2 protein chains.
Amino acid sequence: MKTPIKKFRKYIDDNNLQVTRQRIDIAGVFLESRRHLSVDELYELLRNRGISAGRATVFRTLKLLNKSGVADEVDQGDKVTRYEVKTEDTHHDHLVCTVCDSYIEVYSSQIEEMQEKLCAEHGFKPSSHRLDIFGICLKCSKKKGNKKCI
Amino acid sequence: MKTPIKKFRKYIDDNNLQVTRQRIDIAGVFLESRRHLSVDELYELLRNRGISAGRATVFRTLKLLNKSGVADEVDQGDKVTRYEVKTEDTHHDHLVCTVCDSYIEVYSSQIEEMQEKLCAEHGFKPSSHRLDIFGICLKCSKKKGNKKCI
DNA sequence: TTTTCATTTGAATATGAATTTCAATTTCAT
DNA sequence: ATGAAATTGAAATTCATATTCAAATGAAAA
Ligand SMILES: [Mn+2]
Ligand SMILES: [Mn+2]
Ligand SMILES: [Zn+2]
Ligand SMILES: [Zn+2]
């Protein structure tokens, strides 16, 4: 319904925050790159495009995007927090390759339903979940001297 | 089949490591406490029992227990790594309460099967997975001024 | 536009868990 | 018991995350 950038601007409005060049730039690059990005990765992406913004600002803007419901935190098992664009209806889980770090986004309504049922059985009110399956992706299991795939 | 402590000792043997008082004590307390424990929590548990062991040793021993297949890493969403005892056949997932930090251990063979299927569809070879559902536990959703449950 | 004042920025600093260092201690095969 | 090798643990380091604070910027008022 509402585009991510509008959601972000609404959040800024609702919370008496200000629209700054950095926030627009950072949100822009984040939103168009459809990947899982860490603070540092996004910071580098911005630099490569000649956009200046401090790490601290990138960090804070990602938190803002998260709070405004535009970005989801993802944790690939290594120890850095990444973010991905969250659009209305695209919850998904991940198959993460432990060899090349690539990931496949998957969704199974059956698994989702089973989860609801599981929670109900325990009187537990779910608000979010995270399902990550770690293993070896197709490309990596084919090549012997396995290096980066993607 | 094989008791956790035996597994641990076998790992020590197989890798030319040594059986030390600290390793025995740390493994002992870890194995009998059936909880998710961080390095610091286990360190404190040991102190409370008058067992002396440095944090570094607790840290290293938990890594050893993990490598020897006796301990699993768990991540409750806060930023500290915890470990839990891994016994042969007790893989499980978690319902984590975001109010009181308690957790319920759950298992659904149907969900597990669906995961296998999902992986197969993508030619992905799973080796492990992590399913955590965050939300509010029964106790917490009952009490209004909600504080710690457990 | 100019003034005013709160918000934001970002380099530097702090924090804290995870990890490593290294001298002293302990283990264990001989 | 001896000695080489492994282990310990206090302290230091690393590294991502988070905060500080003076300068810069945004936006509302004058
Ligand atoms: Mn994703
Ligand atoms: Mn558990
Ligand atoms: Zn899901
Ligand atoms: Zn499972």
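Values reported hereafter were calculated over all heavy atoms of this structure, with side chains retained and with hydrogens, waters and symmetry mates removed. First the proteins, then the strands, lettered A, B, ... as listed; each starts at 1. Source: prediction; values computed, not measured.
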With sequence neighbours excluded, what pairs up with A:Y103 under the ring-ring contact (aromatic ring centres under 6.0 Å, His included) test? A:H36, A:H94

Length of the line joining [X]:[atom1] and [N]:[atom2], which is rounded to integer Å:
| X | N | atom1 | atom2 | value |
| --- | --- | --- | --- | --- |
| A:D78 | C:dT19 | CG | P | 12 Å |
| A:R9 | D:dG26 | CZ | C1' | 13 Å |
| B:D75 | C:dA18 | CG | P | 10 Å |
| B:E41 | C:dA18 | CD | P | 11 Å |
| A:N16 | C:dT7 | CG | P | 8 Å |
| B:I26 | D:dG9 | CD1 | C1' | 11 Å |
| A:D13 | C:dT7 | CG | C1' | 15 Å |
| A:N15 | D:dG26 | CG | C1' | 17 Å |

Counting primed atoms plus P, OP1 and OP2 as sugar-phosphate and everything else as base, spell out the protein contacts along nucleotides 25-30 of chain C at 4.0 Å heavy-atom distance: B, S or - for each nucleotide, 5' to 3'. --BS--

What distance do A:I51 atom CD1 and A:L42 atom CG have between them, rounded to the nearest 0.5 Å? 9.0 Å

Under 4.0 Å from any atom of DNA chain C, heavy atoms only: list the residues of residues 49-67 of chain A that qualify, in numerical order. A:A53, A:G54, A:A56, A:T57, A:R60

Listed in order of residue number, which residues of residues 79-86 of chain B have a non-hydrogen atom at under 4.0 Å from DNA chain C? B:V80, B:T81

Are B:L138 and B:K142 side-chain neighbours, meaning at least one heavy-atom pair lies under 4.5 Å? yes

Does the side chain of B:T98 come within less than 4.5 Å of B:F134's, by heavy atoms? yes

Sequence neighbours left out, cut at 3.5 Å: what donor-acceptor pairs do the side chains of residues 61-71 of chain A make with other protein atoms?
from, atom 1, to, atom 2, distance (Å)
A:T61, OG1, A:T57, O, 2.7
A:N66, ND2, A:A71, O, 2.7
A:S68, OG, A:L64, O, 3.0
A:S68, OG, A:L65, O, 3.0

With sequence neighbours left out, what residues match B:T81 under side chain to side chain donor-acceptor pair (under 3.5 Å)? A:K79

Would a distance-only check, ignoring hydrogens and angles, find a side-chain to backbone donor-acceptor pair under 3.5 Å from B:D75 to B:G77? yes

Whether the side chain of A:E113 engages the backbone of A:Q110 through a donor-acceptor N/O pair (distance < 3.5 Å, no angle test) should be reported. no

Indicate, with yes or no, if B:F59 and B:I12 share a hydrophobic cluster defined by side-chain heavy-atom contacts under 4.5 Å among Ile, Leu, Val, Met, Phe, Trp and Tyr. yes

Electrostatic pair A:D93:B:R130 at N-O distance under 4.0 angstrom: no

Should the pair B:D14-B:K10 be classified as a salt bridge under the 4.0 Å nitrogen-to-oxygen rule? yes

